[in-house]
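First listed ligand is number 1; within each ligand, the first listed atom is number 1. Hydrogens, waters and symmetry mates play no part in the numbers below; they use all other heavy atoms, side chains included.
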Amino acid sequence: MAAVTAGPGQCVVWFGEPLARERKALAAAGWQLRAIPPGRGRDGIGLRAGDTVVGMLDLREADAAAAGHAAQLAGEYRHLPFLAIIPRRLAQAPALAPLLAQCRRHFTRAPDTEALIAAVTELAGPPAPQSTGGLDALVGRSPAMLATIAAIRKFAPIDLPTLITGQTGTGKEVAARALHDLSPRAGRVFAPLNCGAIPDNLVQSELFGHERGAFTGATARRTGLFEAAHGGTVFLDEIGDLPLDAQTNLLRVLQEGTIERVGSHQPVETDVRVIAATHVDLEQAIAAGRFRADLYYRLNVLRLRMPPVADRGEDIVLLAQHFLDRFRQLHATRARGFSAGARRAMAAFDWPGNVRELLNRVQRAAVVAESELISAGELELPEAGPAPGGRGLDRARIDAERDMLLGCLRDSGYNVSQAARRLGVSRMTVYRLCRKHQLPVTQLRRTGGRGH
Ligand SMILES: Nc1ncnc2c1ncn2[C@@H]1O[C@H](COP(=O)(O)OP(=O)(O)OP(=O)(O)O)[C@@H](O)[C@H]1O
Ligand SMILES: [Mg+2]
């Protein structure tokens, strides 16, 4: 726990429920605490002028509705420096996007909150054992993945719109974050928005903000995603779902670098890099009149293709082991690895849901695993037939090789040089074959081959 000097008037307004140990630690660090449990109004917060006040948005226990409500409430305190604990399942909730962007902005701009950040970050427990960002989050070394990673490295420093395509669950969002993390904008805001998750009539306001009174219910001016992400990156996920009128405005952002808030014709300068992603074929959407061709050409300057998992060969087992290891860091499970049958089943499967499906299956299997090795059945995958050539055949070939080697060694009195000459191979090869078949040749020479 970082040492924080107890100063007068240091207060955390905690939207959510701090744990007992968090309350204690904050008190010990000299912070007063005003907790606003989910669903409760802000009555009685009683902030005193001159206090150092920091907001804390804690959505660990919240569902999407509660998160929206908390975010709205916390939004009234946007002028405060804000910290947030957001579980991954909520991190994409559209209502949170601008607030999160705001949180990140304040993080870097409020030096007097550094100690609290240290304290609370520590309080929040060890960071989830996921990636440190950048390319570390992308597991894989198949040729398909290496090509993708090379493209990410090339595209990251170039401040041009980038379109990421790929089937569902192939890691488009992970790639978008990697592009941001490796770009000169790293450290600034990365603001994701799922264009398909917002009602059509709210998309414009979400993206570009609105003026007070712009429409019924617009009781205050609101900052949109593009303004909040100034200096950083906006990630427009499922761009194919963006309504046509919002497409027109997005086109202007890309052409002119300005936005207009809903209810205003005043252009506002904004400096963001736009990364968009889609799992639908935008060219088809254009043909069907659902997507503007000119916007497509503006977005599709750099194109990153995420390969389907079925094309990633050896990566499948690598990813599965990675997800299992991560699971083991958080939960008790017997499982340590995968049976040969499970590996074959994973290699043979089609993976329509790609990496996300693989992750889900591994987690489910880890929960139900009966032994150290997860089986195909536990992954709920059909048993794959034996490896090409047939497992039975393979075994027979291996046995025959071992018999031949052992016979030859016997005939040459376990003298490796002699056995090598007889077989027409090098001594190294004989040693390698002995290791492969677990024949301890030096020992055999001593014992005259007893036991083999
Ligand atoms: N190469 C990878 N290595 C490790 N984890 C990965 C990799 N690719 C994806 N993941 C994980 O798989 C899940 C799905 O990834 P992500 O959300 O980026 O996919 P997506 O392409 O955006 O999917 P969708 O189209 O459904 O939105 C996430 O949990 C992500 O962390
Ligand atoms: Mg996605």
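Arg361 and Glu378 are not joined by a salt bridge, as no carboxylate oxygen comes within less than 4.0 angstrom of a charged side-chain nitrogen. Between Arg334 and Glu372 there is no salt bridge, since none of the side-chain N atoms of the basic residue sits less than 4.0 Å from a carboxylate O of the acidic one. Note on Arg185 versus Asp271: salt bridge recorded, some NZ/NE/NH1/NH2 to OD/OE distance being below 4.0 Å. Between Glu227 and Arg261, at least one side-chain N (NZ, or NE/NH1/NH2) sits under 4.0 Å from a carboxylate O, which counts as a salt bridge. Classification of Glu211 and Arg222 as a salt-bridged pair fails, no side-chain N sitting under 4.0 Å from a carboxylate O.
Of the polar atoms of His322, none of the N or O atoms is found under 3.5 Å from an N or O of ligand 1, judged by distance alone. Residue Asp237 has no N or O atom closer than 3.5 Å to an N or O atom of ligand 1. In terms of polar-atom proximity, defined here as any N/O pair under 3.5 Å, His279 makes no such contact with ligand 1. At under 3.5 Å, a nitrogen or oxygen of Val174, whether backbone or side chain, sits near a nitrogen or oxygen of ligand 1. Close N/O approach between Met145 and ligand 1 is not found [any backbone or side-chain N/O within under 3.5 Å].
Side chain to side chain, Gln167 and Asn354 meet the donor-acceptor criterion of an N or O pair below 3.5 Å. Between the side chains of Gln329 and Asp325, no donor N or O sits under 3.5 Å from an acceptor N or O.
By the criterion of a heavy-atom distance under 4.0 Å, neither the backbone nor the side chain of Asn354 is placed next to ligand 1. Contacts with ligand 1 closer than 4.0 Å are made by no heavy atom of Ala277, backbone or side chain. With a 4.0 Å heavy-atom cut-off, ligand 1 is reached by the side chain of Glu238 but not by its N, CA, C or O.
Interface atoms of ligand 1 facing Ala137, defined by a heavy-atom separation under 4.0 Å, are 2 (C), 3 (N), 4 (C), 5 (N). Each of the following atoms of ligand 1 lies closer than 4.0 Å to a heavy atom of Glu173: 18 (O), 22 (O). Close approach of ligand 1 to Leu319 (heavy-atom distance below 4.0 Å) involves ligand atoms 2 (C), 3 (N), 4 (C). Near Leu359, the atoms of ligand 1 lying under 4.0 angstrom from a non-hydrogen atom of the residue are 29 (O).
Listed for the Asp200 side chain is no donor-acceptor partner under 3.5 Å among the backbone atoms of Pro243.
Between Phe291 and Tyr296, the gap from one ring centroid to the other reaches at least 6.0 Å.
Considering Gly140, Gly169, Gly171 only, the shortest heavy-atom separation from atom 16 (P) of ligand 1 involves Gly171.
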